[in-house]
Structures are given as structure tokens and as C-alpha cells.
Enquirer: 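Just dropping this structure here.
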Amino acid sequence: GAQRRASDVLDNLLDIGAQKGEFLWYMHKLGWVAEGVELDSSVPNPAEMPIQYGDFLEMEFQDGGYDVITFWAVLEHVYDPKLFIEKASRLLKPGGLIVGVVTNLNSIQSRFYQADDYPRHLTIFTKGAVRKLCEKYDLKITNFNTGQQIFGGSLNGGLVYMFKRLFGYSTIEAMSEWKQIKSPDLFWCQWRGENSLFVKSVSRLDRLLSLPIEKVLDKLGFGLTLSFAAKKLGRRILYVIGSLEVGGAERHVVQVAMRLKKRGWEPELFVLTPGGPLTHVLLEVGVPVHGVTFPTWVSRILRNDRLRARV
């Protein structure tokens, strides 16, 4: 997808939270003009990517200068995400995209496995929260996806955890064994520090069942990671016209609306008499067409008035 867009329309990209610049390097290879922002100046930049260091909110950029702005696991770490989205929206061209990934509160890991990563994660998101945040700054969500592949998002361990809780472990005891990394066997193979064949059997069943359950949860939108894309709405304009029959005025309005759409505007048409062959032309290029269904006698009067006006 990135290769197609780079050679087609989108080319200027700004990555917030660029770290070592790996993503910038990859996008440069695909032909994008990509630059980044990183708060921590001690992070190495081995490929010498164009990265500015410091606070994104205090930096100066050209308004409307970017086709895509990315936030890879950034928004959950900041105190006020709306300030970042507000500024990013201002920097986008009409029709540009904000693409990001955050943690999803509506996941088994967040709700039951204490996977929210407090206090590093200051804000935990849902689809509704992301949508509301974007819409506030003229951004329309175009895509949501959830996954389990990163941030330790796998469901592995859930069955073992429930087994230990069911047979006597407290929440703190079970979680302490699960989250420590010095001795994985303490959680996966042992019962209170002693090797247990039964715990090992539950662990094997846990791993066997996790993957298909994860696939189902992703389809339902309940994965730990929540990725999204939001499009910057262009300047909106509404045309009011009598009909979309094939006539000189109607063809002119359709042509103007299509040109504006290509230039990043958001044209819409309100038609007094819905229908007409030109309606499908507009809908095919993504121009919304609205109308009111009048009683037959009202539609007849409007149609006769237009015919008399042409005569």
C-alpha cells in the first residue's frame, strides 16, 4: 500500500516518535519524502535520517505541508493526546492521513491481564475515543484494526493464569509469577515453586488455543493493539440544484464538483428532485448526493417550473 501511494499521490510524511529512524529509512526506500520527530536526543540515528529532536508541540512546521503523519505507539505515552492530534491535523493537507497505533482498552489483555503498562501508558483508548478525538479536529476515521502481535499482546498465559487463580492463587501471586522474567518456568511449569506436570499440560493447551482465539478476537475488534487511519477533511462546499438530469447546468455543476474533489475539497450536492443519470457519476467518485422525496404533485410542479424556465 505504501509503495502504491508513494508513486501515486502521497509523498510527504512526518513520523512522530521516530526513535532510531527505522520507519523513516524504510519509507525513504519506497520513495517518500519522510522526516521525523523524536523527544529523546540520546536515541541513536544510525542511518542519519532527517529527525528533529525535542517537543513536537513546540516545533514549527508548515501548515498543510504533509500528506501523512504517523504516531506509532506514541499517543498513549503523552499527557494530552488531543494537543498532538490538533497540531497534526493542522499540518496535514486536505485529504491527508493520520495513521497510528495505540493500546485498546476493549481487549482481554487490558481488562483482565493488567497489560495496560501503567504508568508508562498515560491514556488508554477505545475505538469510540479515537473516533471522537479525530472528529473534533476535522479528521474522519477510514480504518480500524486490532491485533495481538506487538506489545506482548498475545493471549498466551491466560489459561494458566485462570487455572492458578481457580485453585488457590491470589491475583497478586498469579500476576507476580506471570510478569517476572527471571524464571519463566515459575509461571509456565510450576505450582508455587515446585515442578508440576499438570501445570505443564495446561500450558501446552494454553498455547494451542491462544492463536485461533486471537484470530477471532481480531475479527471482532478486541485485540490489544488498535491501529487506525483518519483522513483530513477538506474545505466543504454544498451545491443546491433542482435535479441531476442531463442538462447544461447540471453537467457543469457535476464537472465542478469532480474537479474540487480531486483538489482536496469535500463537495456535496443537495438535489430537490432525487435521481437522474448524473447521480451515479458523482457517487462513483465519492461525492455525496442528498435529496428530499417530495409528494408526486410537488415533484410535478417543480419539474414544470424548470421546463418553463428553460423555455
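Counting begins at 1 with the first residue of the sequence. All heavy atoms count here, side chains included; hydrogens, waters and symmetry mates do not.
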Enquirer: So, does Gln19 use its side chain to make a donor-acceptor pair with the main chain of Gly21 at under 3.5 Å?
Expert: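 It does not hold such a pair.
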Enquirer: Side chains of Leu13 and Val33: does their closest heavy-atom pair fall under 4.5 Å?
Expert: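 A side-chain contact is absent here, since even the closest heavy-atom pair is not under 4.5 Å.
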Enquirer: Does Arg207 make a cation-pi contact with Trp188 (under 6.0 Å, within 45 degrees of the axis)?
Expert: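 Yes.
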Enquirer: Using a 4.5 Å cut-off on heavy atoms from C-beta on, say whether the side chain of Ile69 contacts that of Ile16.
Expert: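 They are in side-chain contact.
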Enquirer: If I take atom NE2 from residue His121 and atom OG1 from residue Thr103, how far apart are they, to the nearest 0.5 angstrom?
Expert: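 Rounded to the nearest 0.5 Å, the NE2-OG1 separation comes to 5.0 Å.
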Enquirer: Crowded around Trp178 CH2? As in, over 12 foreign heavy atoms under 6.0 Å?
Expert: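 Yes, enclosed.
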Enquirer: Looking just at side-chain N and O atoms, do Thr225 and Gln148 make a donor-acceptor pair shorter than 3.5 Å?
Expert: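 The answer is no; no qualifying pair exists.
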Enquirer: On a heavy-atom basis, which atom in Gly242 and which in Val271 lie closest, and how many Å separate them?
Expert: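 Scanning both residues, the minimum pair turns out to be O-CG1, 3.6 Å.
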Enquirer: Could you please spell out the steps behind the ring pair (Phe, Tyr, Trp, His ring centres under 6.0 Å) verdict for Tyr161 and Phe112?
Expert: CA-CA 10 Å; Tyr161 169 76; Phe112 303 107; 9.4 Å; no
Enquirer: Please assess His28 against Trp32 for the test side chain to side chain contact (heavy atoms under 4.5 Å, CB included), listing each intermediate value before the final yes or no.
Expert: CA-CA 5 Å; His28 269 284; Trp32 290 67; over 6 Å; no
Enquirer: If you measure from CD on Glu86 to OH on Tyr137, what distance do you get to the nearest 0.5 Å?
Expert: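 Reported to 0.5 Å precision, the distance equals 4.5 Å.
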Enquirer: Please check: side-chain N/O of Ser227 versus main-chain N/O of Asn145, any donor-acceptor pairing under 3.5 Å?
Expert: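 Indeed, once roles are kept as given, a pair shorter than 3.5 Å links the two residues.
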Enquirer: Would Ser201 and Leu205 count as a side chain to side chain contact (heavy atoms under 4.5 Å, CB included) here? Give the steps.
Expert: CA-CA 6 Å; Ser201 299; Leu205 181 62; over 6 Å; no
Enquirer: Of the non-hydrogen atoms in Glu266 and Lys261, which two are nearest, and what is the gap between them?
Expert: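 Here Glu266 and Lys261 meet closest at OE1-NZ, 3.7 Å.
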Enquirer: Is Lys87 close enough and on-axis enough to Phe56, meaning under 6.0 Å and within 45°, for cation-pi?
Expert: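 Relative to the ring axis of Phe56, which defines the angle, Lys87 lies inside both limits.
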Enquirer: Is a donor on one side and an acceptor on the other found under 3.5 Å between the side chain of Asp206 and the backbone of Gly158?
Expert: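 Answer holds: yes.
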Enquirer: Going through the distances and angles, do Asn106 and Thr126 end up as a side-chain hydrogen bond (donor to acceptor under 3.5 Å, both in side chains)?
Expert: CA-CA 6 Å; Asn106 289 330; Thr126 64; 4.8 Å; no
Enquirer: Does the side chain of Leu278 come within less than 4.5 Å of Arg251's, by heavy atoms?
Expert: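 SC-SC contact between Arg251 and Leu278 confirmed.
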Enquirer: More than 12 foreign heavy atoms under 6.0 Å from CG of Leu220: is that the case here?
Expert: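 Yes.
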Enquirer: Please say yes or no: joined through hydrophobic side-chain contacts below 4.5 Å, possibly via intermediate residues, are Phe198 and Phe187 part of one cluster?
Expert: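 Linked, Phe198 and Phe187 end up in one cluster.
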Enquirer: Could you check whether Ser89 and Asp138, counting side-chain N and O atoms only, form a donor-acceptor pair closer than 3.5 Å?
Expert: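 Absent: no donor and acceptor within the cut-off.
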Enquirer: Can you tell me if Gln180 uses its side chain to pair, donor with acceptor, with the backbone of Lys182 under 3.5 Å?
Expert: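 Side chain of Gln180 to backbone of Lys182, a donor-acceptor pair under 3.5 Å: yes, one is there.
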Enquirer: Please say whether the positively charged group of Arg192, taken as NZ for Lys or CZ for Arg, lies over the ring of Tyr169, i.e. under 6.0 angstrom from the six-membered ring centre and within 45 degrees of the axis.
Expert: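 Relative to the ring axis of Tyr169, which defines the angle, Arg192 lies inside both limits.
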Enquirer: Given the side-chain rings of Trp191 and Phe167, with only the six-membered ring counted for Trp, is the space between their centroids under 6.0 Å?
Expert: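 No, the ring centres sit 6.0 Å or more apart.
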Enquirer: Among the clusters formed by ILVMFWY side chains lying less than 4.5 Å apart, do Ile172 and Met175 turn up in the same one?
Expert: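 Hydrophobic grouping puts Ile172 apart from Met175.
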Enquirer: Less than 4.5 Å apart, any side-chain heavy atom of Val37 and any of Phe61?
Expert: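 A side-chain contact under 4.5 Å exists here.
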Enquirer: State the CG-CE distance between Leu166 and Met162, to the nearest 0.5 angstrom.
Expert: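 Spacing of CG (Leu166) from CE (Met162) equals 9.5 Å.
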Enquirer: With distance as the sole test, does Arg111 use its side chain to make a donor-acceptor pair with the main-chain N or O of Leu105 at under 3.5 Å?
Expert: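 Judged by distance alone, yes, a pair lies under 3.5 Å.
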Enquirer: Check Val253 against Leu269 and note the closest heavy-atom contact, atom names and distance.
Expert: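 Of all heavy-atom pairs spanning Val253 and Leu269, the closest is CG1-CD2, 3.9 Å.
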Enquirer: Could you check if a side-chain atom of Asn104 sits within less than 4.5 angstrom of a side-chain atom of Phe125, using non-hydrogen atoms only?
Expert: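 Asn104 vs Phe125: side chains apart.
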Enquirer: With side chain to side chain contact (heavy atoms under 4.5 Å, CB included) as the criterion, how do Leu155 and Leu217 come out once you've worked through the C-alpha distance, each side chain's angles and the decisive distance to 0.1 Å?
Expert: CA-CA 10 Å; Leu155 289 174; Leu217 290 174; 3.5 Å; yes
Enquirer: Counting only heavy atoms not in Lys215, do more than 12 sit closer than 6.0 Å to its NZ atom?
Expert: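 At most 12 heavy atoms, drawn from other residues, nucleotides or ligands, come within 6.0 Å of this atom.
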Enquirer: Should Met258 and Leu233 be regarded as members of a common hydrophobic cluster, given that ILVMFWY residues are connected when their side-chain heavy atoms come within less than 4.5 Å of each other, either directly or indirectly?
Expert: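 No, Met258 does not connect to Leu233 through the hydrophobic network.
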Enquirer: Could you state the interatomic distance from CZ (Arg204) to CG (Leu159), rounded to the nearest 0.5 Å?
Expert: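 If I round to the nearest 0.5 Å, the distance is 13.5 Å.
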Enquirer: Compare every heavy atom of Ser170 with every heavy atom of Glu173, then report the nearest pair and how far apart it is.
Expert: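 Smallest heavy-atom distance, with atoms named: OE1-N, 2.9 Å.
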Enquirer: Identify whether Ile108 and Val202 are in the same connected component of the hydrophobic contact network (ILVMFWY, side-chain heavy atoms under 4.5 Å).
Expert: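 In one cluster: yes.
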Enquirer: Compare all side-chain heavy atoms of Gln52 with those of Glu35 and state whether any distance is below 4.5 angstrom.
Expert: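 Sidechains of Glu35 and Gln52: in contact.
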Enquirer: Got a second to check how far Phe228's CZ is from Leu75's CG, nearest 0.5 Å?
Expert: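 Result: 5.5 Å between the selected atoms.
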Enquirer: Is there a side chain to side chain contact (heavy atoms under 4.5 Å, CB included) between Asp63 and Leu91? Walk through the geometry before answering.
Expert: CA-CA 4 Å; Asp63 286 358; Leu91 300 181; 3.7 Å; yes
Enquirer: Would the distance check show the side chain of His77 and the main-chain N or O of Arg120 forming a donor-acceptor pair, the cut-off being under 3.5 Å?
Expert: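 Looks like yes, one N/O pair under 3.5 Å.
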Enquirer: Hydrophobic cluster membership, with links at side-chain heavy-atom distances under 4.5 Å among I/L/V/M/F/W/Y: are Trp72 and Met27 in one?
Expert: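 Yes, because Trp72 and Met27 connect within a single hydrophobic cluster, where side-chain heavy atoms sit under 4.5 Å apart.
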Enquirer: Report the C-alpha separation of Asp185 and Ser183 in whole Å, then their side-chain angles, then the decisive distance to 0.1 Å, and conclude whether the side-chain hydrogen bond (donor to acceptor under 3.5 Å, both in side chains) test is met.
Expert: CA-CA 5 Å; Asp185 285 354; Ser183 176; 5.7 Å; no
Enquirer: Ignoring hydrogens, what is the shortest heavy-atom contact between Ala257 and Pro267? Give both atom names and the distance.
Expert: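 What the structure gives for the nearest pair is O-CG, 3.4 Å.
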Enquirer: Which heavy-atom pair separates Gly64 from Lys93 by the least distance, and what is that distance?
Expert: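 In terms of heavy atoms, the two residues are closest at O-CG, 3.0 Å.
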Enquirer: Any non-hydrogen side-chain atom of Val256 less than 4.5 Å from a side-chain atom of Val254?
Expert: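 Sidechains of Val254 and Val256: no contact.
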Enquirer: With a 3.5 Å distance limit and no angle check, can you tell me whether Ser154 reaches the backbone of Asn156 through a side-chain donor-acceptor pair?
Expert: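 Yes, Ser154 side chain to Asn156 backbone: donor-acceptor pair under 3.5 Å.
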Enquirer: Between Glu177 and Lys164, is there a salt bridge with N-O shorter than 4.0 Å?
Expert: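 Salt bridge: yes.
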Enquirer: Rounded to the nearest 0.5 Å, what's the gap from OH on Tyr66 to CG on Leu92? Could you check?
Expert: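 Output value for this atom pair is 10.5 Å.
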Enquirer: Side chains of Phe71 and Phe84, heavy atoms from C-beta outward: is any pair under 4.5 Å?
Expert: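 Touching, per the 4.5 Å side-chain cut-off.
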